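Order of the sequence lines fixes the chain letters, A, B, ..., with proteins taken first and strands second; residue numbering starts at 1 for each chain. Just so it is clear, the structure is predicted and the values come from calculations on it, not from any experiment.
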Amino acid sequence: FPVALEAEDEGKTLQLVESYLQNFYDLERDHQPHLRNKDKNALVAKLKEMQAFFGLEVTGKPDLDTLEIMKKPRCGVPDVRQ
Amino acid sequence: YVFTAGNPKWKRNNLTYRILNYTPKMRQADVDKAIRKALSVWSNVTPLTFQKVENEVADIMISFEYRDHRDNSPFDGPNGQLAHAFQPGEGIGGDVHLDEEEAWTKNGEGYNLFIVIAHELGHSLGLSHSNDPGALMYPSYSYTDPNEFLLPQDDIDGIQAIYGQSNA
């Protein structure tokens, strides 16, 4: 069945968020897919850390303001200590 | 401003830099000028000096790189990550890498080379990312006319906290 546009967007959004947090906020790469809930908590925690750094509202959700920052061209050095 | 973890700094004030290669997107003279101006952003407010060297290993080696360039931090093609740099230290320490697939310019089109290198040199000297949106060391790119650029106070405070004020 054709994937609903929203689901496809959601997939792309998740990919953007995960790679941004892996690159710049030391989110561990997804080596244990069967621990999906544990990873989800880690992702939310890192997302909050990124939102706090950029002075955004700390929602733990990839809202529009957060995604807008993540799409901006930037320096490749991480924002947090690794 | 934020110091890099472990507060690394250069133990000498007289540093050297070398330009290993050039982007075909700009005239070499314009690349040289952009780098000289970026270095002066930091030397103007500290006792640091930068001497350009050829054919030898410099403290700060500057190069344009593609995708995977053997430093564990591959570039990602146009946009996204524009450049990165390494904290003060031997070997790769202090080096600046620029993503060759970006549209490097000397003006407001594409990505201004001076602005990006000035930011990366902040890392080369021991600064990390600032969460002050107006700071040069803010992680996201934003254009400022190089002729009107003034190093923001947050960055001045940070670099002087590491190396002291300029002797001039």
> Under a 4.5 Å heavy-atom cut-off, does chain A meet the side chain of Glu120(B), its backbone, both or neither?
Replying inline: side chain
> Non-hydrogen atoms of chain A under 4.5 Å away: do they reach the side chain of Ser140(B), the backbone, both or neither?
Replying inline: both
Heavy-atom neighbours of [X] [atom1] exceed 12 at 6.0 Å:
X	atom1	value
Lys46(A)	NZ	yes
Lys61(A)	NZ	no
Lys33(B)	NZ	no
Gln153(B)	CD	yes

Give, for atom [atom1] of [X] and atom [atom2] of [Y], the distance between the pair rounded to the nearest 0.5 Å.
X	Y	atom1	atom2	result
Ser142(B)	Arg74(A)	OG	CZ	13.0 Å
Asp76(B)	Asn23(A)	CG	CG	8.0 Å
Gln81(B)	Phe24(A)	CD	CZ	4.0 Å
Cys75(A)	His84(B)	SG	NE2	9.0 Å
Asp79(A)	Ser130(B)	CG	OG	10.5 Å

> In terms of heavy-atom pairs under 4.5 Å, which option from Asp132(B), Thr4(B), Asn131(B) contacts chain A the most?
Replying inline: Asn131(B)
> Taking the six-membered ring for Trp, are Tyr138(B) and Phe54(A) parallel (under 30°), tilted (30 to 60°) or perpendicular (over 60°)?
Replying inline: perpendicular
Heavy-atom distance under 4.5 Å between the side chains of [X] and [Y], does that happen here?
X	Y	result
Phe53(A)	His129(B)	yes
Asn79(B)	Lys71(A)	no
Tyr111(B)	Pro73(A)	yes

If Ile, Leu, Val, Met, Phe, Trp and Tyr residues are connected whenever their side-chain heavy atoms lie under 4.5 Å apart, and connections chain through other members, are [X] and [Y] in the same group?
X	Y	answer
Val80(A)	Tyr1(B)	no
Tyr22(B)	Leu121(B)	yes
Leu14(A)	Ile69(A)	yes
Leu82(B)	Met70(A)	no

